[in-house]
Amino acid sequence: MAVWQETYQQARLEEQLADGSVRCHLSPRNCVIKEGQFGFCGVRGNRDGHLVTYSYGKGVHATEERIETEAVFHFEPGARILSLGNIGCMLNCTYCQNWKTSQARFVEDHDVHSYTPEGIIETALRHGIRVLSWTYNDPVVWHEFVRDTARLAKEAGLINLFKSAFYITIEAVDELLPYIDIFSISLKSLDEKYYPKVTAGEMQPVLDATKHVYNAGKHVEVSTLMITDLSDDEDTARKITDWVLRELDATVPMHFVRFHPDYRLRNTIRTPIPRLLRAQAIAREMGVEHVYVGNVNDPEVAKSCCAGCGATLVTRFGLNARNVGLDERGHCAACGRDAHFKLRGALGTDQLTVPALPAADFKLHDLDWHGDIALMHIEARNPTAQPASLYYRRRDGNGANDPWQVLTLTPGESYRFALAKASPGEIGPELAIDRALETNLHEVYDRAHFPTVTIDEGVADNDVTPLPHYEGKQNSVENLHRFISGAA
Ligand code: SF4
């Protein structure tokens, strides 16, 4: 048994059964758990006839990112967020992009950190971050900790974002609704056979929960990870769009997201870009006002335009967004049409910049973006009794580097943040790290991917570079149906 499994506390949404078992009402799986056993997710169980959570306050390293990481494009573009991932999951997707943390049996103690609600809020406020993002593996199974922290965060004036596959009961959603402002929902497919076959879950509860938060007036965006030859076909794009239009509305932003081979689905390649573009075109033709392609570094597929006059509203490259055409109400500045953006202002200012490095003893690193690697996580720990700083800037191919930005860590603090390529000409970041700091650098393959392997340890074997010139299988739709029906 891992160390993180040695402590636990009472969980919510418990039903005690006559034989000493407990039924969990957090996800629609409704596990019935016998004494001493775990539920499907591996982080809830039965101890002494009570439903307990083993993961309260236990998560992967909190990470500063941008709100675009979470497929949220219409809520304060470019806002800095504090991403909070935990361990375990109520699903087991064949292609999981975060399987080392979502599947409890693979979680290693050194990847598990301890947090308190107060500590998270203090970290966010100290670093000028105003959005907490509950994300990565899946926040559903961190229910009690999410709820406690989100409630305090709301009292402190912070925004809460919930990024999830949303296989959750309505009862549990109702416990979150008072505190969560934004729901970014991953809808895998509109084929109900797909869910049990590929995710080990069911589709209808996901649809019901999504409608429930939409009807409650929450900010909702819908994303679909388009799996090569499984769910990157036109029929999937059409059915998901049709559902969004019928049950939500045409102003809900949609995202078709590129997949990379991972976990138990490695004998394939990244989603061919033409299929993502086709899905985007289909959703637009059917009437959705804002449709984006994710995990493709092309400003054309991720920019926001006015659905009325066509003016460019927000430009994006990677995870960097710039408001170029919205007025303060989130309307098109050119024609006044409502573009359905929620702008709160000052949701996270950039780190301080300095004109030059101070005279100090630094470790210097030049890192190059390469292949599909255009994003990295930088983790730093200050083991000393003094504040210590880390400086970074973007290197431009023409020598016109950005100003240095500075991050200062308090004594004993550990901090992790994401740095993404911000323009086609950028060649990589330059880091100057106080020698007192201990650092780990992690290459990130796609957004919302939490790497556990550092650059020093090598690139994870799940980070597969795509094969060139792959046209895809000719009969992808037939393959899909054969796979789902069990014939493949
Ligand atoms: S959260 Fe879902 S998977 Fe985990 S114990 Fe509860 S019902 Fe089972």
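Heads up: numbering here begins at 1 and tracks the sequence. Order of appearance sets the numbers: ligands from 1, and atoms from 1 within every ligand.
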**Request:** Taking only heavy atoms of Gly39 into account, list the atoms of ligand 1 that are under 4.0 Å away from them.
**Result:** 5 (S)

**Request:** Answer with yes or no whether the side chains of Glu289 and Thr251 bring together a donor and an acceptor at under 3.5 Å.
**Result:** no

**Request:** Report yes or no: do Ser102 and Tyr136 form a side-chain donor-acceptor pair below 3.5 Å?
**Result:** no

**Request:** For a salt bridge (Lys or Arg N to Asp or Glu O under 4.0 Å) with Asp181, tell me which candidate from Lys218, Lys154, Arg130 qualifies.
**Result:** Lys154

Closest approach of any protein heavy atom to [atom], naming residue and atom:
atom	result
atom 6 (Fe) of ligand 1	Cys24 SG, 2.3 Å
atom 2 (Fe) of ligand 1	Ser27 OG, 2.2 Å
atom 1 (S) of ligand 1	Arg44 CD, 3.7 Å
atom 3 (S) of ligand 1	Cys41 N, 3.5 Å

**Prompt:** With backbone taken as N, CA, C and O and side chain as the heavy atoms from C-beta onward, which portion of Asn30 lies under 4.0 Å from ligand 1: side chain, backbone, both, or neither?
**Reply:** backbone

**Item:** N/O/S atom of Cys31 inside 2.8 Å of atom 4 (Fe) of ligand 1, strictly under
**Value:** no

**Asked** Taking Asp232 for the side chain and Arg275 for the main chain, is one N or O donor matched with an acceptor at less than 3.5 Å?
**Response** no

**Message:** Is there a side-chain contact between Cys96 and Arg264 in this structure, where contact means two heavy atoms from C-beta onward sitting under 4.5 Å apart?
**Reply:** no

**Complete:** From the list Phe38, Trp142, Trp4, ring-ring contact (aromatic ring centres under 6.0 Å, His included) with Tyr54 holds only for Phe38

